[in-house]
Amino acid sequence: MRNKFYILLLIIGFGVSNGFSQTWSIAVHGGAGNMKPENFTTEQLNEYEQEMNKALSIGVEILKSGGTSLDAVEQVVRYLEDCPLFNAGKGAVFTHEGRNELDAAIMDGRTLSAGAVAGVSNVKNPISLARKVMENSPHVMLTGKGASEFALENGVELVDSSYFYTPQRWNDLQRVLSKEKMGTVGCVALDVHGNLAAATSTGGMTNKRWGRIGDAPIIGAGTYANNSTCAVSATGHGEFFIRYTVAHDISALMEYQNLSLNAAVEKVIMGKLLNAGGRGGVIALDHLGNVCMMMNTTGMFRAFARSDGSTGFAIF
Ligand code: ASP
C-alpha cells in the first residue's frame, strides 16, 4: 500500500516542468539491485527511507536558499558516505583481498569541469576529494596513493583504513553476495541559477580484484552533467555502464536526437543496457528540472524533490 503511494508521488513528479524562475530540482539514489521487499524488515525499510529523506533535505535546503547544485550534490553524497547503510564511504564493500577501495566523481554542468578519485582507501569522504580534484588540480581523475597525497595537501580528512570496516559488509564478502548488496550513492541537482551538477560515490562491487575501478568515477559512464542536456548519476554493474558510456549516451541522445530526458533514459536503460545484460539504473534531471529515475532491476533506493512541491521516495 505504502509503495503504491510512493509510486503515485513519483508519477506526479515525472515529466512535469514549470516556468518558475526559482526552479530547482534534486534527485538522489542509494543503489540499485535485484532486491525484493521480503529481503527487508519493516525497520530496515524505514531506516533506508529516513536516511534517504535526510540526505535529500540537506540538498533541498541548499537549493532553496539559492545555493549551487554543486554544493547540493556534494553535501548530499557526503551525508550518505557517512551512513553505513550505503556502499560508499563508511559502508563501502570489501575487495577480494579484504580492503576498501572507494571511487567517486563530481561534474559541473555549467563548465563541464569534472573531478574524480578511484581506488582510494583512506579518504573519509571521496566525493569532497573529487571536488578538490576538479577545483584545485589541472586533472580529472586521481587514483590510489597519489590521490591520498593530493588529499593531504588539500586538507581533505584522511582516516585509517580500519574506519571503513563494518561487520555487515565483511559478512557480505564472506558470503560473496555482491550482486544483491549494491548501495552506491548519487545525487543530481538543478539550482535556481539554471546549473546542473552530478555526483556519485561507491565502494564498487564486493569481491572486486586487481585494482578494479567501476563506472562511478568515469565521466560519461556513471557520472555526467551538462547544462545543455542533463545530469546523470548511475548505479549498477559498472563494467556495462563503462562499455556503453551510459551517462553520456543519455546526454548525447538529447543533444543529437532531441529526445526528452525520459525517452533518452528509457532507450539506454531499458533498451541498450538491458539487451546487453547490464543491470542497474540512473537518476537524471534535465535543465527544466524534470526528474527521471529508472532502473532495469527490481529495486533502486531513490528520492526526489522539486521547487513545485512534488516529492517522492521509492525502493521497488
Ligand atoms: N556501479 C558501481 C560499480 O560498478 C556499483 C553499484 O552501483 O552498485 O562500481
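Since we're looking at a predicted model, the values are computed, not measured. Remember, it's 1-based here, ligands and their atoms both numbered in the order they're listed.
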*Asks:* Mark yes or no: K36 above the aromatic ring of F316, with NZ or CZ under 6.0 Å from the six-membered ring centre and no more than 45 degrees from the axis.
*Replies:* no
*Asks:* Under 3.5 Å, N or O to N or O, is T235 touching ligand 1 that way?
*Replies:*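 Indeed, backbone or side chain, T235 has an N or O that close.
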*Asks:* Would G204 count as being in polar contact with ligand 1, using the rule that some N or O on each side must be under 3.5 angstrom apart?
*Replies:* no
*Asks:* Return a yes/no value for H237: is any of its N or O atoms, backbone included, closer than 3.5 angstrom to an N or O of ligand 1?
*Replies:* no
*Asks:* Do L70 and I219 belong to the same hydrophobic cluster, where Ile, Leu, Val, Met, Phe, Trp and Tyr are linked whenever their side-chain heavy atoms lie under 4.5 Å apart, directly or via other members?
*Replies:*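 Looking at the clustering, I219 is in a separate group from L70.
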*Asks:* Can G236 be said to touch ligand 1, with heavy atoms closer than 4.0 Å?
*Replies:*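 G236 counts as a contact of ligand 1 under the 4.0 Å cut-off.
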*Asks:* Quick check on contacts: which atoms of ligand 1 are under 4.0 angstrom from a heavy atom of T184?
*Replies:*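 Every atom of ligand 1 under 4.0 Å from some heavy atom of T184: 2 (C), 5 (C), 6 (C), 7 (O), 8 (O).
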*Asks:* Can you tell which part of R212 has a heavy atom less than 4.0 Å from ligand 1: side chain, backbone, both or neither?
*Replies:* side chain
*Asks:* Keeping the roles fixed (side chain from T311, backbone from A305), state whether a donor-acceptor pair exists under 3.5 Å.
*Replies:* no
*Asks:* If you count heavy atoms of other groups shown closer than 6.0 angstrom to NE2 of H248, is the number above 12?
*Replies:* yes
*Asks:* Which heavy atom of P217 sits nearest to which heavy atom of V117, and what is that distance?
*Replies:*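 Shortest heavy-atom contact: CB-O, 3.5 Å.
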*Asks:* Tell me yes or no: between the side chains of E74 and S128, is some donor less than 3.5 Å from an acceptor?
*Replies:*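 Yes, a side-chain donor-acceptor pair sits under 3.5 Å.
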*Asks:* Under 4.0 Å from any heavy atom of G214, which atoms of ligand 1 are there?
*Replies:* 9 (O)
*Asks:* Return yes or no for this condition: an N or O of N87 is under 3.5 Å from an N or O of ligand 1.
*Replies:* no
*Asks:* List every atom of ligand 1 that sits less than 4.0 Å from any heavy atom of G238, numbering the atoms from 1 in the order shown and giving each element.
*Replies:*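 Counting atoms of ligand 1 from 1, those under 4.0 Å from G238 are 4 (O).
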*Asks:* Over 60° means perpendicular and under 30° means parallel, so tell me whether F240 and H237 are parallel, tilted or perpendicular.
*Replies:*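 The rings of F240 and H237 stand perpendicular, inter-plane angle above 60°.
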